[in-house]
Visitor: 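Input: one structure, supplied below.
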Amino acid sequence: MQGYRYNSTLRKALLGDIEAARELMIKVGLEEGFTSHNTIIISQFIDQLLNHLEKITSTD
């Protein structure tokens, strides 16, 4: 039961982080271009967050 509560809290935090990073990526993409180095770095970070989310979701 404790693990479920931890995963639920972690999932909510990850979703918040993903949304914030997505908004930042769009902002940077509009300012610097969607193929700029900074936009790509943020995109890769979002990929890592999504992979982590998938990993904890698959263990529930």
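Predicted model only: the values in this text are computed from it and were never measured. Throughout, numbering of the chain's residues begins at 1 and tracks the sequence.
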Visitor: Provide the closest heavy-atom pair for R11 versus T57 in the form atom of the first, atom of the second, distance.
Guide: NE-OG1, 3.8 Å

Visitor: S43: which residues meet the side-chain hydrogen bond (donor to acceptor under 3.5 Å, both in side chains) condition with it, sequence neighbours left out?
Guide: none

Visitor: Starting at CG of L10, measure out to CD1 of I56 and round the result to the nearest 0.5 Å.
Guide: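 Rounded to the nearest 0.5 Å, the CG-CD1 separation comes out at 4.0 Å.
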
Visitor: Keeping to residues at least two apart or across chains, list the side-chain hydrogen bond (donor to acceptor under 3.5 Å, both in side chains) pairs with something in residues 16-28.
Guide: E19-R22, K27-E31

Visitor: How long is the span from the OG1 atom in T39 to the CG atom in L24, to the nearest 0.5 Å?
Guide: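 One gets 8.5 Å once the value is rounded to the nearest 0.5 Å.
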
Visitor: Could you list the residues that satisfy side chain to side chain contact (heavy atoms under 4.5 Å, CB included) with I40, not counting sequence neighbours?
Guide: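 With sequence neighbours excluded, I40 shows a side chain to side chain contact (heavy atoms under 4.5 Å, CB included) to Q44, given in chain and number order.
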
Visitor: When clusters are formed by joining ILVMFWY residues with side-chain heavy atoms under 4.5 Å apart, either directly or through shared neighbours, do I41 and L50 land in the same one?
Guide: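 Looking at the clustering, L50 is in a separate group from I41.
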
Visitor: Could you give the distance from CD1 (I42) to CG (N38), rounded to the nearest 0.5 Å?
Guide: 6.5 Å

Visitor: Quick one: hydrophobic cluster around I26, which other residues, with the 4.5 Å side-chain cut-off, linked directly or via members?
Guide: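 Listed partners: L30, F34.
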
